[in-house]
Structures are given as C-alpha cells and as structure tokens.
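Structure, as structure tokens:
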Amino acid sequence: QVQLVESGGGLAQAGGSLRLSCAASGLTFRRYAMGWFRQAPGKEREFVAAINWSGGSTYYADSVKGRFTISRDNGKNTVYLQTNSLKPEDTAVYYCAADSGSNWYRGEAGNYEYWGQGTQVTVSS
C-alpha cells in the first residue's frame, strides 16, 4: 500500500519560512518523480514544484520561483519543500504526489499517480 505523508505545515508570518516534508512508503521511491501542489479555499489545485527521480532536475511554478526549493533524499524516501519569503497568498493545503512517468515536469496533476493527505500552510500578514 502506497502512502505519502506530509508534515511541517503550520502558521508562519509573512516573510517567514517553513520546511515541508513528505515521507513515502510502499513504493520504490527512486523510480518516481515527486511533486508538490497546493489548493487554497475556493480555488483549484495548482502546481508548485517538481523534482525528477535523482534530484538532478527541478521545475517550479513562476509564483514560487526563487522563494521555494524542492529537494529529495532517496535514502530516506522523503521529498522536501523549503518555503522562504512566504506571502499570505501562499496560504493553502500543500500536497505531495508521485509520478512514475516522464511528464512530471509539466506540472499536471493528472500525471501523478499517488497523493498524500495534505498539510495546511497558513501565512499571516
């Protein structure tokens, strides 16, 4: 049974930072590209960042480029999202997802096969 479990969310002030983690089990982690998506109340789920199986290639949404960093540790079956210079508009539930295909960089949710339950990030102004 595949499980993706996010953690690290919480309340931050504008300009602050949070480090999100996503621990994977039940799959061969190194064979999957990993992505982070987010969904704010009343809005559609949107792509945030993705990383290929080795960690050698990353892709970001324009809205977070230069502020967020995605990384992974294949030895720990974990993907991270370092969020810096947070803004109130970053408030959302953040989800990690796993993609075994080759189109992970497109940031399309439909390409991702497995999803976590999400972790809430709230940024106050």
Side-chain angles (χ1 to χ4, degrees):
Q1 179 182 358
V2 175
Q3 283 194 311
L4 301 178
V5 180
E6 301 96 335
S7 61
L11 178 64
Q13 291 188 333
S17 300
L18 288 172
R19 189 192 195 203
L20 308 185
S21 298
C22 171
S25 61
L27 52 73
T28 305
F29 185 70
R30 65 180 181 277
R31 293 182 180 176
Y32 286 79
M34 299 297 295
W36 285 94
F37 291 76
R38 67 186 182 186
Q39 188 167 18
K43 295 188 176 181
E44 294 187 351
R45 189 170 299 190
E46 66 173 358
F47 170 74
V48 176
I51 189 167
N52 75 333
W53 68 273
S54 68
S57 184
T58 58
Y59 187 70
Y60 296 92
D62 288 342
S63 59
V64 307
K65 202 171 294 183
R67 300 188 299 121
F68 291 9
T69 302
I70 188 171
S71 62
R72 66 189 294 160
D73 184 338
N74 286 347
K76 295 183 178 180
N77 287 3
T78 301
V79 61
Y80 305 97
L81 186 68
Q82 178 67 43
T83 67
N84 298 329
S85 302
L86 284 164
K87 305 175 181 180
E89 51 263 42
D90 294 320
T91 295
V93 177
Y94 283 70
Y95 300 88
C96 70
D99 178 10
S100 65
S102 59
N103 295 320
W104 60 272
Y105 61 93
R106 294 183 178 180
E108 298 171 348
N111 289 332
Y112 287 77
E113 298 149 70
Y114 302 108
W115 291 81
Q117 83 290 346
T119 186
Q120 176 70 48
V121 170
T122 302
V123 184
S124 62
S125 57

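Index from 1, following the sequence.
- A distance of 9.0 Å separates CD in E113 from CG in N111, rounded to the nearest 0.5 Å.
- A pairwise comparison of heavy atoms in Q39 and Y95 identifies CB-CE1, 4.2 Å as the closest pair.
- Legend: side chain to side chain donor-acceptor pair (under 3.5 Å) pairs involving residues 9-36, not counting sequence neighbours, sorted by first then second residue: S17-N84.
- Side-chain N/O atoms of S71 and Q82 include no donor and acceptor closer than 3.5 Å.
- Under the 3.5 Å distance criterion, the side-chain polar atoms of N103 are left unmatched by any main-chain donor or acceptor of R106.
- Using a 4.0 Å cut-off between charged nitrogen and carboxylate oxygen, K87 and D90 do not count as a salt-bridge pair.
- Between the CZ atom of F68 and the OG1 atom of T83 there is a distance of 5.0 Å, given to the nearest 0.5 Å.
- Listed for the Y112 side chain is a donor-acceptor partner under 3.5 Å among the backbone atoms of W104.
- Listed by chain and number, the hydrophobic cluster partners of L11 come to none, as no ILVMFWY side chain reaches under 4.5 Å of it.
- Closest heavy-atom contact between R67 and L86: NH1-CA, 3.9 Å.
- A donor-acceptor pair is defined here as one N or O able to donate and one able to accept, closer than 3.5 Å; no such pair exists between the side chain of E6 and the backbone of L20.
- With hydrogens and angles disregarded, no donor-acceptor distance shorter than 3.5 Å links the side chain of T78 to the backbone of D73.
- Interatomic distance, CH2 of W53 versus CZ of R72, reported as 9.0 Å (0.5 Å rounding).
- Residue Y59 places its OH atom among 12 or fewer non-hydrogen atoms of other residues, nucleotides or ligands, all under 6.0 Å distant.
- Under a hydrophobic clustering in which Ile, Leu, Val, Met, Phe, Trp and Tyr are joined whenever their side-chain heavy atoms come within less than 4.5 Å, directly or via other members, F29 and I70 fall into the same cluster.
- At least one donor-acceptor pair closer than 3.5 Å links the side chain of T91 to the backbone N or O of V123.
- Here the shortest heavy-atom pairing between A98 and L4 reads N-CD1, 3.9 Å.
- Here the closest non-hydrogen pair linking L18 and V121 is CD1-CG1, 3.9 Å.
- Aromatic rings of F37 and W115 (six-membered ring for Trp) have centroids within the 6.0 Å cut-off, being under it.
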Show every donor-acceptor pair shorter than 3.5 Å between a side-chain atom in residues 40-52 and any protein atom, with sequence neighbours excluded, or say none if there are none.
unit_1 : atom_1 : unit_2 : atom_2 : d
E46    : OE2    : R38    : NE     : 2.5
E46    : OE2    : R38    : NH2    : 3.1
N52    : OD1    : G55    : N      : 2.9
N52    : OD1    : G56    : N      : 2.9
N52    : OD1    : S57    : N      : 3.0
N52    : ND2    : S54    : OG     : 3.4

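- Note on M34: it does not cluster hydrophobically with V5, by side-chain heavy-atom contacts below 4.5 Å among ILVMFWY residues.
- By the criterion of side-chain heavy atoms lying less than 4.5 angstrom apart, applied directly or through intervening Ile, Leu, Val, Met, Phe, Trp or Tyr residues, L81 is grouped together with Y114 in one hydrophobic cluster.
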